[in-house]
Amino acid sequence: MPGTRFNDIRHFDTVDSTNRYLLDEARSGAPDGVVAVAEHQSAGRGRLGRRWEAPAGANLLMSVLLRPGLPADHRHLAAAVVALAGADAVMTVTGLEPGVKWPNDLLAPDGRKLAGVLAEADAGAAAHLPPPPFAGSSGGSGGSGGSGGPGPPIVVGIGMNVNWPAADADLPAGLVGSATSLQQQVGRPVDRSEVLESLLRALEPRVADLATESGRIGQAGDFRARCCTIGARVRVELADDCFEGTATDLTSEGHLVVEVDGVARRVVAGDVVHVRSAGEPGASGGRVAPE
Ligand code: BT5
C-alpha cells in the first residue's frame, strides 16, 4: 500500500490462524510490515487459548508483523494502536463510533463486541535481530525505530465482525447478546476491502509514533480518550481474586486503575467484564486479558 510500510499483503483462502502464520514468518526473518489476511481461519485464536469464530468470506481476519523496538513495559501499545486503527477504520467506512474496551476490544455503541485484538510477541525470534545501533537512546533516530529495533517481533491480529452476524439468529448460542457486526449495526453490507485499506492507512502513522517517546505518549493518550472502560463499573477476575469497582484511569504503561471502596487498585493482568446496571443496553460479556 503506497505511503505505508504495508507493501507485502498476503491473502489466504484458508489458514489455521493469521497470527500463527506471521509468528512463523517472523522466526524466519520476515520484515516489519508484512500483513496476512484470511477469508477463513480453521483455528482462529483469541486470548488465553480461546477461539475466534467467523464463517468464511464474511469478516476481516488479519494480522500484521511489527518490529517496533518498544521498551518491554510499553509493548501493550502495539495492540493498542491496532485497536485504535480498527476504530478509525470503522468510523471512516461506516460512521459508527466504536468504544475501545481495555485492553483492546472494539465495542459497538450498544456494548456488544465488534472486534477483538490479539498481540503475541515471540521472545525466541528476538535472538535473530541485530543489536540496536544506539541502545539506550530514546526518541532519537537510532535504536527504537520502525523497521527493526530491539525486542521481539510482535504479531498483532484483529478479527472484526464486518458482515457476520447479519442478525442475532446467525450466532451460536454462546455469542448471542455479546457479539455484533458492522452490517448489523448500520443495516447494510460493508465492503471488507475498504475496511482493510482504511485500517492499514490509519495504522501507519500510529505505528510510526511507537518509535519515539512523545509518539508513544500521544498514542497512549488516544487510547485513554477512546477507552470506554474508564468510568465503567467493572468486575475484575484475577487468578486468585475477584472484585468489583469503577475503572477510573489508565496509567502510562496501560494498566487499568480500578477504585474499590475508595482505594485505587492497579490491574496489570486479568479478565475484566463491564458490569451494567439493569435497564442499560447490552452488557459486554467479553473477557479481557493482556497479551
Ligand atoms: C480476542 O480474544 O478478542 C482476540 C481475537 C483475535 C482474533 C484475530 S482474527 C486474526 C488473528 N488470527 C488469530 O488467530 N486471531 C486473530 P478474547 O478476548 O479471548 O475473546 C475471545 C472470546 O470472544 C471467545 O471466547 C468468545 O466468547 C468471543 N468470540 C469469539 N468469536 C467472536 C466474534 N466473532 N465476535 C465476538 N465475540 C467472539
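Owing to the predicted nature of the structure, the values given are computational and were not obtained by experimental measurement. For ligands, and for the atoms within them, numbers begin at 1 and follow the listed sequence.
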Checklist entry - Which one of Ala38, Gly159, Pro165, Ala58 has a non-hydrogen atom at the shortest distance from atom 8 (C) of ligand 1? => result Gly159
Checklist entry - Taking only heavy atoms of Ser17, which atoms of ligand 1 are found under 4.0 Å from at least one of them? => result 12 (N), 13 (C), 14 (O)
Next on the checklist: For the CG atom on Asp13, are there more than 12 heavy atoms of other groups (residues, nucleotides or ligands in this structure) within a distance under 6.0 Å?
Outcome noted: no
Item to check | Numbering as shown, the atoms of ligand 1 that approach Ala179 to under 4.0 Å (heavy-atom distance) | outcome: 35 (N), 36 (C)
Item to check | Qualifying residues under side chain to side chain donor-acceptor pair (under 3.5 Å), relative to Gln184, sequence neighbours excluded | outcome: Asp168, Thr180
Next on the checklist: Test your reading of the structure: does Gln41 have an N or O sitting under 3.5 Å from an N or O of ligand 1?
Outcome noted: yes
Checklist entry - Counting heavy atoms only, which of Ala43, Pro55, Gly116 is nearest atom 6 (C) of ligand 1? => result Gly116
Checklist outcome for this item: In ligand 1, the atoms that come under 4.0 Å of a heavy atom of Val117 are 4 (C)
Next on the checklist: Please check whether Asn59 reaches ligand 1 - meaning an N/O of the residue sits under 3.5 Å from an N/O of the ligand, judged on distance alone.
Outcome noted: no
Item to check | Test of proximity, Trp164 against ligand 1: N or O pairs below 3.5 Å | outcome: no
Item to check | Distance filter under 4.0 Å to Asp105 heavy atoms, resulting ligand 1 atoms | outcome: 3 (O)
Checklist entry - How close do Asn59 and Met160 get, heavy atom to heavy atom, and via which atoms? => result CB-O, 3.1 Å
Checklist outcome for this item: Residues joined to Met91 in its hydrophobic cluster, side chain to side chain under 4.5 Å directly or through other members, sorted by chain and number, are none
Checklist entry - Relative to the heavy atoms of Gly44, which atoms of ligand 1 are at a distance of less than 4.0 Å? => result 14 (O)
Checklist outcome for this item: If you compare Lys113, Arg47, Arg51 by their heavy atoms, the one closest to atom 20 (O) of ligand 1 turns out to be Lys113
Checklist entry - What are the atoms of ligand 1, with element, lying closer than 4.0 Å to any heavy atom of Met62? => result 10 (C)
Checklist outcome for this item: In ligand 1, the atoms that come under 4.0 Å of a heavy atom of Asn161 are 33 (C), 34 (N), 35 (N), 36 (C)
Item to check | Residue pair Val275 / Val234: nearest heavy atoms and the distance that separates them | outcome: CG2-C, 3.8 Å
Checklist entry - Without hydrogens or angle criteria, can the side chains of Asn163 and Arg188 be said to hold a donor-acceptor pair below 3.5 Å? => result no
Checklist entry - Is it true that the NZ or CZ of Arg265 lies under 6.0 Å from the centre of Phe243's six-membered ring and within 45 degrees of the ring axis? => result yes
Checklist entry - Does some non-hydrogen atom of Ala54 fall short of 4.0 Å from ligand 1? => result no
Next on the checklist: Quick check on contacts: which atoms of ligand 1 are under 4.0 angstrom from a heavy atom of Thr18?
Outcome noted: 10 (C), 11 (C), 12 (N)
Checklist entry - Is there a donor-acceptor contact under 3.5 Å linking the side chains of Asn19 and Ser17? => result no
Checklist entry - Under 4.0 Å from ligand 1, counting heavy atoms only, is it the side chain of Leu48, its backbone, both or neither? => result neither
Checklist entry - Hey, mind stepping through Asp209 and Arg206 against salt bridge (charged side-chain N to carboxylate O under 4.0 Å, His left out) and telling me if it holds? => result CA-CA 5 Å; Asp209 264 1; Arg206 292 190 181 280; over 6 Å; no
Checklist entry - Does one hydrophobic cluster hold both Leu200 and Leu61, with members joined at side-chain heavy-atom distances below 4.5 Å? => result no
